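As the structure lists them, so they are numbered: ligands from 1, and atoms in each ligand from 1. If you read the sequence from its start, that first residue is 1, and numbering goes on from there. None of the values given here were measured: they were computed from a predicted structure.
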Amino acid sequence: MGKNSVSLRGRNVLALEDFSAEEIRLVLETAKGMKDIIHRDIKKVPALRGKSIVTLFYEPSTRTRTSFELAGKYLGADVVNITAGTSSIVKGESLRDTLYTVEAMGVDAIVMRHKAEGAAAYASKVVKPVILNAGDGAHAHPSQGLLNLFTIQQHKGHLEGLKVAILGDVLHSRVARSDIQGMRKMGMEVHIAGPGTLLPRFLSEEPGVVLHDRIEDAIEGADVIEVLRIQLERMKGGLFPTTREYARVFGLNRERLGLARKDVLVLHPGPMNKGWEISPEVAYCGNSAIQEEVQNGVAVRMALFTLVLTGGRQE
Ligand code: CP
């Protein structure tokens, strides 16, 4: 089928499990053109002129919130940001009432991050604007999954058949869940390793996912390594002895990187705990695409806005 045979117009972006491989390809293809816009002197096109977008963040963010905001602005939309700490949420306004309030202002899309799994899906049921999930608890972070796929495709030229090693705190990681869904749909081989206490039970039943006790076995021959952040803020404690011990047994360092393919691509969703899950020298080595992921995040989010708000055609 041709690349225009699918349309995402009007679609909520809640989780990559809702996307077909063809829909993912459409987003990645559209993002390529968007990346060119980011490199122009004047980063402004009128594709979303007249559209309005609200980002509604109940949890902290640097990359996701800023890149969604810039994505909307580069495309000519009006973008307004609401963060929990500086809104009427601190006066006790409920999620439902906050959503009704934003909807009443006539917005076309709401980008939402919330600590509760399913919050974005709930929002999509109670209000009419398109909902883009910017992270809901440990459930999903679909735009991060897409930007990871985009970054890998830009470097490797394809996705199918590549071996990816996902390392670390999968238990608390919405990024890992979106990665696994997206990567499997695109025919990648997914290998996972980390402390047993940080590997959720669903992984052992996940089709196409290979679990390893030692991270060295997951890394062996990998085309891509994605290191996950240790999410201390979501842990009640006791899930691993010390961060020093974690680094010794599960951290990605130069020596372990040497087990992967020479042209291995290193990813990390950020922010990094350098010296814990990843050594500083690996974070900034020639194989690292961690900064590039951030830039690609803008391009992918521009693609998502364009596709869900206009179907990809200028109005
Ligand atoms: N990757 C990611 O979600 O980063 P932020 O928390 O800074 O948005």
Side-chain angles (χ1 to χ4, degrees), residues 13-16 27 31 38 53-74 79-86 109-120 131-152 154 164 166-183 194 198 224-235 252 265-274 276-278 282-284 288-305:
V13 180
L14 304 178
L16 289 189
V27 176
I38 298 170
I53 296 164
V54 162
T55 70
L56 175 59
F57 274 60
Y58 284 78
E59 285 191 324
S61 167
T62 299
R63 292 152 199 78
T64 312
R65 200 203 56 71
T66 309
S67 58
F68 266 118
E69 179 179 353
L70 285 174
K73 288 181 169 169
Y74 290 167
V79 186
V80 175
N81 302 305
I82 300 176
T83 50
T86 55
I110 300 174
V111 178
M112 191 174 138
R113 173 171 286 188
H114 200 283
K115 69 174 188 300
E117 297 184 13
I131 303 295
L132 295 103
N133 183 8
D136 60 331
H139 172 239
H141 193 345
S143 61
Q144 179 75 42
L146 289 166
L147 78 86
N148 285 346
L149 290 174
F150 182 67
T151 305
I152 297 166
Q154 290 250 301
V164 59
I166 299 178
L167 308 178
D169 182 0
V170 179
L171 183 66
H172 302 101
S173 179
R174 50 197 174 208
V175 175
R177 283 163 180 75
S178 289
D179 278 341
I180 292 166
Q181 288 164 359
M183 288 169 175
L198 296 177
V224 180
I225 301 174
E226 168 143 48
V227 185
L228 301 172
R229 180 170 72 86
I230 303 172
Q231 300 197 31
L232 282 182
E233 78 278 16
R234 297 191 203 271
M235 293 183 200
L252 183 64
L265 195 66
V266 176
L267 304 177
H268 188 302
M272 291 182 275
N273 297 303
K274 290 193 294 292
W276 298 0
E277 70 260 7
I278 189 167
V282 172
Y284 300 117
S288 168
I290 295 170
Q291 286 305 107
E292 199 183 321
E293 281 179 81
V294 178
Q295 183 178 84
N296 289 340
V298 181
V300 164
R301 288 161 182 139
M302 288 168 79
L304 284 173
F305 278 145

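Partners of F57 according to the ring-ring contact (aromatic ring centres under 6.0 Å, His included) rule, which considers only residues two or more places apart in sequence or in another chain, do not exist here.
The backbone N or O of D169 lies less than 3.5 Å from no partner atom in the side chain of R229, so there is not a single donor-acceptor pair. The main-chain N or O of H268 is found under 3.5 Å from a side-chain atom of E293 such that the two form a donor-acceptor pair.
For the 3.5 Å distance criterion, the side chains of R113 and H141 qualify, holding a donor opposite an acceptor.
Nearest heavy-atom pair, S288 versus A283, reported as atom, atom and distance to 0.1 Å: OG-O, 2.8 Å.
Ionic pairing of E59 and R234 is present here: one or more N-O contacts between side-chain nitrogen and carboxylate oxygen are shorter than 4.0 angstrom.
The contact shell of ligand 1, taken as protein residues with any non-hydrogen atom closer than 4.0 angstrom, comprises S61, T62, R63, T64, R113, H141, Q144, P269, G270.
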